Number of protein chains: 4
Amino acid sequence: MTVRAAVAGASGYAGGELLRLLLAHPEVEIGALTGNSNAGQRLGALQPHLLPLAGRVLAETTPEVLAGHDVVFLALPHGQSAAVAEQLGPDVLVVDMGADFRLRDAADWERFYGSPHAGTWPYGLPELPGARAELAGSKRIAVPGCYPTAATLALLPAYSAGLAEADAVIVAASGTSGAGKAPKPHLLGSEVMGSMSPYGVGGGHRHTPEMIQNLGGVAGEPVTVSFTPTLAPMPRGILATCSAKARPGVTGDSLRAAYEKAYAEEPFVHLLPEGQWPATASVHGSNAVQVQVALDEAAGRIIAISAIDNLTKGTAGGAVQSMNLALGLDESTGLSTIGVAP
Amino acid sequence: MTVRAAVAGASGYAGGELLRLLLAHPEVEIGALTGNSNAGQRLGALQPHLLPLAGRVLAETTPEVLAGHDVVFLALPHGQSAAVAEQLGPDVLVVDMGADFRLRDAADWERFYGSPHAGTWPYGLPELPGARAELAGSKRIAVPGCYPTAATLALLPAYSAGLAEADAVIVAASGTSGAGKAPKPHLLGSEVMGSMSPYGVGGGHRHTPEMIQNLGGVAGEPVTVSFTPTLAPMPRGILATCSAKARPGVTGDSLRAAYEKAYAEEPFVHLLPEGQWPATASVHGSNAVQVQVALDEAAGRIIAISAIDNLTKGTAGGAVQSMNLALGLDESTGLSTIGVAP
Amino acid sequence: MTVRAAVAGASGYAGGELLRLLLAHPEVEIGALTGNSNAGQRLGALQPHLLPLAGRVLAETTPEVLAGHDVVFLALPHGQSAAVAEQLGPDVLVVDMGADFRLRDAADWERFYGSPHAGTWPYGLPELPGARAELAGSKRIAVPGCYPTAATLALLPAYSAGLAEADAVIVAASGTSGAGKAPKPHLLGSEVMGSMSPYGVGGGHRHTPEMIQNLGGVAGEPVTVSFTPTLAPMPRGILATCSAKARPGVTGDSLRAAYEKAYAEEPFVHLLPEGQWPATASVHGSNAVQVQVALDEAAGRIIAISAIDNLTKGTAGGAVQSMNLALGLDESTGLSTIGVAP
Amino acid sequence: MTVRAAVAGASGYAGGELLRLLLAHPEVEIGALTGNSNAGQRLGALQPHLLPLAGRVLAETTPEVLAGHDVVFLALPHGQSAAVAEQLGPDVLVVDMGADFRLRDAADWERFYGSPHAGTWPYGLPELPGARAELAGSKRIAVPGCYPTAATLALLPAYSAGLAEADAVIVAASGTSGAGKAPKPHLLGSEVMGSMSPYGVGGGHRHTPEMIQNLGGVAGEPVTVSFTPTLAPMPRGILATCSAKARPGVTGDSLRAAYEKAYAEEPFVHLLPEGQWPATASVHGSNAVQVQVALDEAAGRIIAISAIDNLTKGTAGGAVQSMNLALGLDESTGLSTIGVAP
């Protein structure tokens with residue numbers, strides 16, 4: 001099988017990472033590449049690390065340009081995907097790497113994003129119960145947010161096994177590429193190097209309802225989430241430090257057993273051996289997720305920590321993984337669990 | 001007043017930062033400088049940023065070398081301070097920048113440090129209730145740990161005003177200088193740049209009982225603390241993201257009022273204006289503490305965040321601040337609230 | 001003496017660093033602070049590391065606002081200083097931290113800056129022969145560029161002693177703050193972390209004619225300069241690796257002797273002991289210059305390397321040093337040779 | 001074809017990068033992995049980014065362990081390769097990633113390395129004239145040093161076209177992985193982050209004679225090289241800023257034409273379009289080399305700049321590229337020109 005893929009929004013970090021992965025995908029042929037403000041520019045000037053595509057020129061994002069592809073990836077700013085997707089036929093696989101179709105609750109969407117809800121698409125986190133079945137053959141995929149990917153995979157086994165109380169506390173550190181390529185003063189290298197700082201504190205970050213949706217679905221009951229994102233002085237990577245009160249009777253052994261069971265067959269989620277902890281450098285450029293868990297008996301809390309690459313498993317790798325499922329390919333096709341370190 | 005100060009352990013990061021501050025202190029004359037493995041070496045080779053002291057040579061840490069000073073700072077590995085302190089007379093002000101005399105509970109000490117408890121000295125966190133009175137005129141000072149300084153100052157107003165439940169969750173990111181200057185593979189630049197990673201997860205970090213001691217003292221009841229430290233790719237700085245369940249009836253206004261009241265007169269703790277959040281770069285090289293707080297109503301939690309320089313307010317600046325109080329000097333003498341940024 | 005100083009352009013990196021230094025200057029009282037696009041904003045939001053000035057509000061840069069000061073510092077974009085300076089009386093000390101008045105050759109100015117030459121002011125590099133006499137009592141000072149400061153001080157002794165041929169090759173690495181605070185895509189943290197890249201290659205960088213002017217003046221003959229600046233993944237610091245062919249008969253000893261003699265009495269330039277090399281971290285936040293030199297006998301070249309903080313000695317510290325001379329103060333007043341490391 | 005490859009020295013940075021590449025090589029099966037001090041440890045603890053090999057255990061480096069492989073890679077400290085290579089039969093392809101067999105001049109070896117010369121093997125820089133023919137079918141390969149790879153490829157077209165005088169000046173910035181994984185104080189993250197510093201200044205770096213050998217071979221006459229390496233605050237990458245006096249009559253056009261001609265057919269060396277300059281981030285994890293060149297007419301110098309990943313093209317990727325040639329595979333097999341950025 002060779003599928004022809006277009007990428008709308010090829011000049012940003014998500015689009016660039018997607019192209020890096022698609023170049024290594026044996027079943028994909030890269031078709032149209034579009035940008036908006038960057039239309040007409042050589043990709044070599046915008047994404048100088050993608051040498052095989054250096055001579056490609058970005059087109060405008062129009063229905064005509066996107067026509068004739070088997071898969072269209074949308075790496076657009078929030079709120080722009082619906083209009084583009086509408087113009088693509090029902091037989092085209094549309095993979096939205098933005099937020100537009102992630103949430104099931106329209107009220108949540110409107111409260112956090114301040115615009116009308118566009119709808120809900122199958123959610124591209126294959127590790128969630130039932131997700132693989134839903135993604136198989138689907139023509140529409142909503143790729144999860146980077147923080148929800150990290151936090152959900154850290155806490156999923158604890159909630160699915162009923163070991164944790166329904167009040168999660170999540171503090172995550174992200175590399176700066178998560179904030180995108182649009183130049184803003186607080187994202188300058190001079191500002192971020194040597195500095196850790198929080199943002200969206202107190203429940204306001206847009207990934208919060210997505211975490212609540214995922215963890216509540218796994219737990220089978222409403223879960224509250226206190227989520228604090230922080231900006232770390234590195235280009236890539238998310239380290240999610242997650243915790244919840246342990247239910248009575250939970251032991252270190254029962255906790256570990258739940259994690260081992262949950263992830264024994266997962267191709268990308270790697271429960272580390274006891275005593276070893278995740279590090280974002282280990283998954284740099286990889287679709288792998290490193291997970292570790294501990295029970296703090298004195299504090300009565302489960303501490304679960306995950307490391308992902310925000311651009312790979314957290315965005316473009318997750319997109320390819322779900323695309324593979326939708327197309328009936330092996331889920332791991334074209335994806336690697338090998339990081340680029342040090 | 002001119003006090004003559006010796007520094008035992010002048011070749012490490014804590015000792016170097018202390019010397020940087022003492023060089024700018026108008027009432028201090030720098031006396032003996034000692035090292036152990038580095039005795040005999042020029043300070044210019046070990047601390048090349050301290051040009052005015054470049055020609056000084058490190059002596060061995062002996063009672064004779066440390067004799068004849070008004071103040072002796074101990075920047076020694078844990079467990080070595082007691083033996084040195086015993087040899088110094090009761091009239092000498094001894095400031096221990098290690099952990100040996102911080103904890104009041106001998107059982108806690110033995111559990112976390114695995115050695116007999118050496119005793120308890122007045123605790124050098126002037127912002128704690130009653131601390132200034134205890135430090136005034138004292139001849140012994142235990143300088144707090146860097147993480148406990150950051151976490152305590154983040155949560156102190158919430159606990160002293162009775163607004164928070166007694167179960168704190170603290171996730172802190174520290175620059176690598178907190179791990180010291182002894183070369184270890186995981187601290188190599190190649191390993192830490194571009195990487196976030198946790199350590200001491202699950203209640204095992206030695207600063208945990210110190211946080212419990214501080215916060216419990218403020219709250220007037222036992223407090224549990226879930227503490228997760230992480231290593232961040234920067235040389236200095238701690239960002240402590242702290243939270244606790246809000247007591248019933250707490251509002252954003254009552255929370256802010258408690259913080260404003262607690263820190264209105266503090267010379268080094270700066271409650272940021274609403275909407276602005278701490279950043280470690282802003283306190284780089286400064287003794288200031290940036291604090292901000294928010295109420296997450298959906299999750300029912302108070303989120304309090306502080307930024308300090310782990311080597312300044314977190315170690316050497318805290319030591320000088322307490323020294324000033326012990327000597328009857330103005331608490332701010334020789335200390336700055338100006339960071340070196342960007 | 002207390003001098004009242006205004007800072008035009010207080011929101012950028014140069015202005016912020018200047019304020020950091022002026023806050024520690026015993027003879028300066030900080031007066032008006034102005035910005036352009038940022039007028040009306042609190043300094044605490046723009047320069048959060050300057051806590052003592054957090055409540056100050058930026059004014060517009062007008063003659064009325066700048067009136068009534070003894071010293072006015074101009075930290076403005078190139079080409080804007082002349083218009084402001086004209087409106088200030090001849091008795092006001094005007095210190096221009098921009099490029100407008102550095103070059104003596106109007107043709108050079110026009111070729112590199114593309115606008116009419118505004119004139120030439122006394123050049124604020126006190127270490128140059130004759131500079132201290134020219135600066136004493138002057139009412140106008142042109143602060144040197146950061147790269148010319150580093151390169152000139154690296155090679156000055158070699159040229160003043162006639163040891164080097166007149167063809168210098170200079171490769172310098174600068175921290176990103178040298179590129180300013182205006183947000184541009186290539187200065188994003190995501191782009192600069194983990195990356196070294198050159199710019200202005202082939203003789204086009206505007207600091208080239210300034211280096212030629214300085215080194216030619218010292219050498220007493222025309223000097224060609226091949227200058228390549230590179231952007232390094234750090235916020236501050238310049239490492240200038242400079243070389244020139246050694247004249248016949250030059251030995252390692254004669255070279256070292258020339259450097260020792262040239263810098264024996266300099267308060268800020270520190271020739272390192274043999275075997276120790278400069279590092280930008282050692283001068284972080286300091287007005288010191290670390291210099292080292294070697295003779296490569298096989299290649300027949302003198303290699304001279306300097307490290308400065310581009311914002312301190314390279315900009316704001318150099319400005320204060322020259323201001324001190326102009327005002328008749330001790331040259332070192334308010335300036336430190338102590339770096340903030342690690 | 002499937003070749004079975006052993007790696008001696010699998011715990012270091014070169015060995016780790018080699019394994020990353022071999023895992024993606026379609027014709028290689030990874031056999032024995034050895035270490036010395038790390039023998040007996042799981043690779044997952046030493047190289048946590050190589051998930052597919054996490055369960056492998058390092059063996060001791062003995063002839064028995066290395067027997068039965070088609071290819072043996074030696075990633076050993078300098079001076080250890082000869083003893084191991086002697087024990088491997090003449091039919092085994094031995095690829096030495098250390099320095100032992102790079103130099104043709106025994107006196108150079110002894111002067112720079114201080115030990116007897118072990119011999120000279122075919123030099124694994126396929127881009128050098130005649131190298132591909134020499135490597136084809138060879139059973140011994142000496143992988144070039146990282147700096148010589150970068151510098152040689154920057155200047156090769158200038159020298160092979162006779163455009164440059166025989167006195168090269170090379171200043172290169174390297175990421176810290178080039179210094180290896182052995183923990184030393186000056187390589188700590190606390191020391192290297194935020195700092196640029198030179199080392200091996202004045203002609204003493206061991207890669208100098210290798211550059212002289214390469215460039216002299218291309219130029220057809222003796223070339224002097226002034227080489228200054230600097231340590232940059234990044235884990236990977238080399239930016240080599242190289243220059244030489246332009247021969248009379250050289251123009252910008254003739255220079256560019258020489259570079260275009262030299263690299264038109266090279267699979268890994270990419271001459272950037274005019275106006276675009278190399279950046280190490282663009283080749284992170286890639287075997288590509290970015291090159292750009294300019295003529296500084298005022299200074300009369302050719303400035304040629306290259307960026308490589310020191311661990312990929314500079315070490316392990318170069319090793320695989322030469323292995324491919326030796327085995328008769330397509331030179332690019334298993335190697336990528338796609339960087340991992342940002």
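Bear in mind that the values here come from a model prediction, so they are computed numbers and not experimental data. As a basis for the values below, the full set of heavy atoms in this structure was taken, side chains included, without hydrogen atoms, waters or symmetry mates. Convention: sequence-line order gives letters A, B, ...; per-chain numbering from 1.
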Every donor-acceptor pair from chain D to chain A under 3.5 Å, please, each on its own line.
unit_1	atom_1	unit_2	atom_2	d
D/G44	O	A/Q276	NE2	3.0
D/P48	O	A/Q290	NE2	3.4
D/H49	O	A/G339	N	2.9
D/H49	NE2	A/A341	O	3.4
D/R236	NE	A/P342	O	2.8
D/R236	NH2	A/A341	O	3.1
D/Q276	NE2	A/G44	O	3.1
D/Q290	NE2	A/P48	O	3.4
D/G339	N	A/H49	O	2.9
D/A341	O	A/H49	NE2	3.3
D/A341	O	A/R236	NH2	3.2
D/P342	O	A/R236	NE	2.8

Region of A/P273 in contact with chain D, defined by heavy-atom distances below 4.5 Å
side chain
Does D/A179 have any side-chain contact (heavy atoms from CB on, under 4.5 Å) partners at least two apart in sequence or in another chain, and if so, which?
D/L187
Can you tell me which residue among A/L53, A/L51, A/L21, A/L23 is in a side chain to side chain contact (heavy atoms under 4.5 Å, CB included) with D/I338?
A/L23
Contacting region of A/V283 [heavy-atom separation from chain D under 4.5 Å]
neither
Is any side-chain heavy atom of A/L272 closer than 4.5 Å to one of D/P48?
no
The interface call for A/L19 against chain D, heavy-atom contacts under 4.5 Å, is neither
If you count heavy-atom pairs within less than 4.5 Å of chain A, which of D/P235, D/A288, D/G285, D/P52 leads?
D/P52
